[in-house]
Asker: 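There's a structure below that I have some questions on.
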Protein chains: 2
Amino acid sequence: MPLEPKTPAPTVAVEDYAKAIYALSHDGRDAVATTALAERLDVTPASASAMVKRLDEMGLARHAPYHGVELTDRGLQLALEVIRHHRLLELYLAESLGVPWDRVHDEAEVLEHVLSEELEELIAVKLGDPERDPHGDPIPSRDLEIVELPTDTLASLEPGARGRFVRISDSDPHMLRYLAERGIAPGADFEIVDKQPFGGPSFARFGDAVHVLGGELASRMRVEVER
Amino acid sequence: MPLEPKTPAPTVAVEDYAKAIYALSHDGRDAVATTALAERLDVTPASASAMVKRLDEMGLARHAPYHGVELTDRGLQLALEVIRHHRLLELYLAESLGVPWDRVHDEAEVLEHVLSEELEELIAVKLGDPERDPHGDPIPSRDLEIVELPTDTLASLEPGARGRFVRISDSDPHMLRYLAERGIAPGADFEIVDKQPFGGPSFARFGDAVHVLGGELASRMRVEVER
DNA sequence: GTTCAAAGTTAGGCATGCCATAATTTCGGC
DNA sequence: GCCGAAATTATGGCATGCCTAACTTTGAAC
């Protein structure tokens, strides 16, 4: 029996690079600058350059020197697989184990790289093949399809606007805790009551209470606007 | 603020060595031979020797050259912590996610090294601070106490003996699957019906059915004998 | 006590993986 | 065509953990 040219299992670093490229390519497929990648992963551009070269050799990315990286189909698959792991884990940890909303990200960040396909499947089934994680991020389906809905930021809305808060980046625990403490979670409907200009806070009514949402926070909160 | 002389997090290999030393020292504290360690971990004696030296330098073991290794208190703690992770995970995977009995070991083997203390705690609480894993192995308590009950092997019993099957090593999936298929699990009461000499099979009645248990299997099944 | 095999150790290397600094090249707008 | 920014290469370091080969120690047999 001839030995297959077995692909070695991707390392954690490789998976992180694939995820980062995916995220920076606007969840799609345009080219990503080495420097942007380096910054996001907190390494020097030289290191990122070297890794990108490796991803290319591994067939996970196409690297046009001086012109950025793109994921290949296989690279995209890898990225989506890891993201599926991450988001399923986030939801699972929150729902089944009661890990606080603002803590699930860090746990998932580690576990995503070691989750077996078998466990992934059991978790997905147990959760009923969910489509979004606790932060409102879409979970790639079993066959790695993902639907990224275009959204607005809450900060962009003027007083009188109504909508639904649908999503927020999972990477800033402080913002998450702040929102969690106030009972604001993806899925909540709101109405903009007031807004200060120049990056100032928005005042939004969620249920009965009006909350003050600082400019930075408001610009991270993704919303669907009621038309 | 002066920097603490922070101990670097133990690597997976270090944790595995600590576990192996613990297991080979008869769940206790006598010295373990380098070669035995090497064999169990499937490395050469030279490699084991080098690693043992490192454990010593890390303060996890005491290595008396040519006279074996023992775990220090810290090493023992580390081993028990990892074992607690492993066994809690085994039970959790089996109970909460429905991972088959004969598969939980391999999954736990990976996850034990990355489980955070927070998750460990949530799992322990969710399971109600269990004392045994699905194979009947005792789970170290929160403060890392562990009670290893002395047991006999089923193979050592003569016809007429009655007892309870309490434990079997988790590391051989084939045996586990064999038992699982026959509905034999730790906790089951049995009676020895017949036994062939010279490592031959034992015939044991579990419930209504009499099962044939080959010599090797029977000698791995730990039992409490009814007095 | 000497001897000798087994057990154990050291010496020296190798492979992987990932990062860094420094020096150089390329790009693209002006 | 020049120039600064972006990116790349060239080199090297460090951690891990394994191996083989050669040596040392131990302890039991005699």
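Numbers restart at 1 for each chain; the letters A, B, ... are given by sequence-line order, proteins then strands. Heavy atoms only: backbone and side chains are in, while hydrogens, waters and symmetry mates are out.
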Asker: So what does A:Ala13 hit on the nucleic acid, given a heavy-atom distance under 4.0 Å: a base, only sugar-phosphate, or nothing?
Answerer: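 Touches sugar-phosphate only.
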
Asker: Nearest of C:dC19, D:dT9, D:dC18 to any side-chain atom of B:Met51?
Answerer: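 Given the options C:dC19, D:dT9, D:dC18, the side chain of B:Met51 is closest to D:dC18.
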
Asker: Looking across every strand, which nucleic acid part, if any, lies under 4.0 Å from B:Thr11 by heavy atom: base, sugar-phosphate, or nothing?
Answerer: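 Contact class for B:Thr11: sugar-phosphate only.
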
Asker: Just checking A:Ala48: base, sugar-phosphate only, or nothing, at a heavy-atom cut-off of under 4.0 Å?
Answerer: nothing

Asker: Regarding A:Arg84 and A:Glu112, does a basic nitrogen lie under 4.0 Å from an acidic carboxylate oxygen?
Answerer: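 Salt bridge absent between A:Arg84 and A:Glu112.
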
Asker: Using a heavy-atom cut-off of 4.0 Å across all strands, would you classify B:Thr44 as base, sugar-phosphate, or nothing?
Answerer: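 Answer is base: heavy atoms of B:Thr44 come under 4.0 Å of a base.
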
Asker: Of all heavy-atom pairs between B:Leu78 and B:Pro10, which one has the smallest distance, and what is that distance?
Answerer: CD1-CG, 3.9 Å

Asker: Where the side chain of B:Arg54 is defined as all heavy atoms beyond and including C-beta, which of C:dC19, D:dG17, D:dT20 is the nearest nucleotide?
Answerer: D:dG17

Asker: One thing to verify: whether B:Asp172 and B:Arg220 come together as a salt bridge, which I'm taking to mean a side-chain N less than 4.0 angstrom from a carboxylate O.
Answerer: no

Asker: Does B:Pro45 reach a base, just sugar-phosphate, or nothing at all? Heavy atoms under 4.0 Å.
Answerer: base

Asker: Heavy atoms under 4.0 Å, any strand shown: does A:Ala50 hit a base, just sugar-phosphate, or nothing?
Answerer: nothing

Asker: Counting side-chain heavy atoms from C-beta on, which of C:dC18, D:dC18, C:dC27 comes nearest to B:Ser47?
Answerer: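 The answer is D:dC18.
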
Asker: Looking at C:dG28, I'd like to know if its phosphate oxygens (OP1 or OP2) sit under 4.0 Å from a side-chain N or O belonging to A:His67.
Answerer: yes

